[in-house]
Amino acid sequence: MDHGTHHTGTDRGHGGRRPHAGHAGQRKGGATWGTAAKATLHCLTGCAIGEILGMVIGTALMWGNVQTMILAIALAFVFGYSFTLFAVLRAGLDFRTALKVALAADTVSIAVMELVDNGIIALTPGAMDAHLSDALFWTALLGGFAVAFVITTPVNKWMIGRGKGHAVVHAYH
């Protein structure tokens, strides 16, 4: 989405709501690292809640590793999208438009984060078989989140600087 074309003050192409006049944290040529880190942390929060919940549910139900990981990833996307969805709904968008904004804002960020985080968990010896009470389980999971944050932040910086990803949300707050 090219934000430069809809800040004329007369455009109401966002579900009847006028977008604001600027994007905090963006400057000519790109986004700031602070803006990218905030967007990544926002994404990470939803992903972490969903992923931990999925791991706890799958482990409590004694599911296998694959089923537990699928549930955890699915819930990471659900919670990741939900944080953005509720924020833009509060800003006055209708549900359909808000859903489109959440999908555009978070899909790449969540996907990168989940790929990195789950890759680390899968590649950490013994982590997939660790129980919730094992330090290895939490170390691999939290370490995966930390590495995912470091890798996803530059991705978000690049996307925001081009008016994509989390920059789509900035038009509504």
Side-chain angles (χ1 to χ4, degrees), residues 1-57 69-119 141-142 144-173:
M1 174 182 276
D2 179 10
H3 291 328
T5 62
H6 68 248
H7 289 291
T8 62
T10 60
D11 180 27
R12 291 210 179 242
H14 295 293
R17 188 177 178 290
R18 181 176 294 167
H20 71 77
H23 297 286
Q26 279 188 257
R27 59 177 188 247
K28 189 172 182 159
T32 67
W33 282 105
T35 298
K38 286 178 188 175
T40 305
L41 187 58
H42 177 267
C43 180
L44 178 63
T45 303
C47 288
I49 291 169
E51 191 159 331
I52 291 170
L53 184 60
M55 295 284 191
V56 169
I57 291 169
M69 192 172 273
I70 290 170
L71 176 63
I73 292 169
L75 289 176
F77 273 92
V78 168
F79 278 86
Y81 287 139
S82 294
F83 277 31
T84 300
L85 181 67
F86 293 133
V88 293
L89 282 171
R90 277 194 312 268
L93 269 66
D94 63 282
F95 183 80
R96 185 180 175 130
T97 304
L99 182 61
K100 287 179 183 179
V101 168
L103 293 173
D106 294 332
T107 299
V108 172
S109 184
I110 295 171
V112 170
M113 197 162 294
E114 287 303 299
L115 178 68
V116 171
D117 178 48
N118 285 283
L141 185 63
L142 297 177
F145 289 148
V147 173
F149 178 84
V150 169
I151 291 174
T152 307
T153 299
V155 172
N156 282 331
K157 183 180 185 308
W158 181 82
M159 291 179 61
I160 293 167
R162 282 150 187 76
K164 300 189 181 313
H166 214 268
V168 176
V169 175
H170 293 175
Y172 303 101
H173 61 79

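- Closest approach of Val88 and Ala98 over heavy atoms only: CG2-CB, 3.5 Å.
- The shortest heavy-atom contact between Gly80 and Asp106 is O-OD2, 3.4 Å.
- With rounding to the nearest 0.5 Å, the separation of CG in Leu44 from CE in Met113 is 5.0 Å.
- Rounding to the nearest 0.5 Å places OG1 of Thr107 at 2.5 Å from OH of Tyr81.
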Going through the checks in order, is the side chain to side chain contact (heavy atoms under 4.5 Å, CB included) test met by Cys43 and Ile110? CA-CA 7 Å; Cys43 180; Ile110 295 171; 3.5 Å; yes
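- Minimum interatomic distance between Leu99 and Leu85 (heavy atoms only, all atoms of both residues): N-CD1, 3.5 Å.
- Side chain of Asn118 to main chain of Glu114: a donor-acceptor pair is present (N/O by atom type, distance under 3.5 Å, no hydrogens or angles).
- Rounded to the nearest 0.5 Å, atoms CD (Glu51) and CE (Met69) are 7.5 Å apart.
- Of the inter-residue distances, the one linking Ile57 atom CD1 with Ile52 atom CD1 reads 12.0 Å to the nearest 0.5 angstrom.
- Atom CD1 in Ile73 sits 10.5 Å away from atom SG in Cys47 (nearest 0.5 Å).
- Taking every heavy atom of both residues into account, Gly163 and Val168 meet most closely at O-CG2, 4.0 Å.
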With side chain to side chain contact (heavy atoms under 4.5 Å, CB included) as the test, would you mind laying out the steps for Val108 and Thr152 before giving the verdict? CA-CA 9 Å; Val108 172; Thr152 307; over 6 Å; no
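- The shortest non-hydrogen separation linking Ala36 to Ile160 is CA-CD1, 4.1 Å.
- Minimum heavy-atom separation, Phe149 to Leu41: CE1-N, 3.8 Å.
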Give the intermediate values and the outcome of side chain to side chain contact (heavy atoms under 4.5 Å, CB included) for residues Thr35 and His166. CA-CA 9 Å; Thr35 298; His166 214 268; over 6 Å; no
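- Atoms CZ and CG, from Phe79 and Leu53 in turn, are 5.5 Å apart once rounded to the nearest 0.5 Å.
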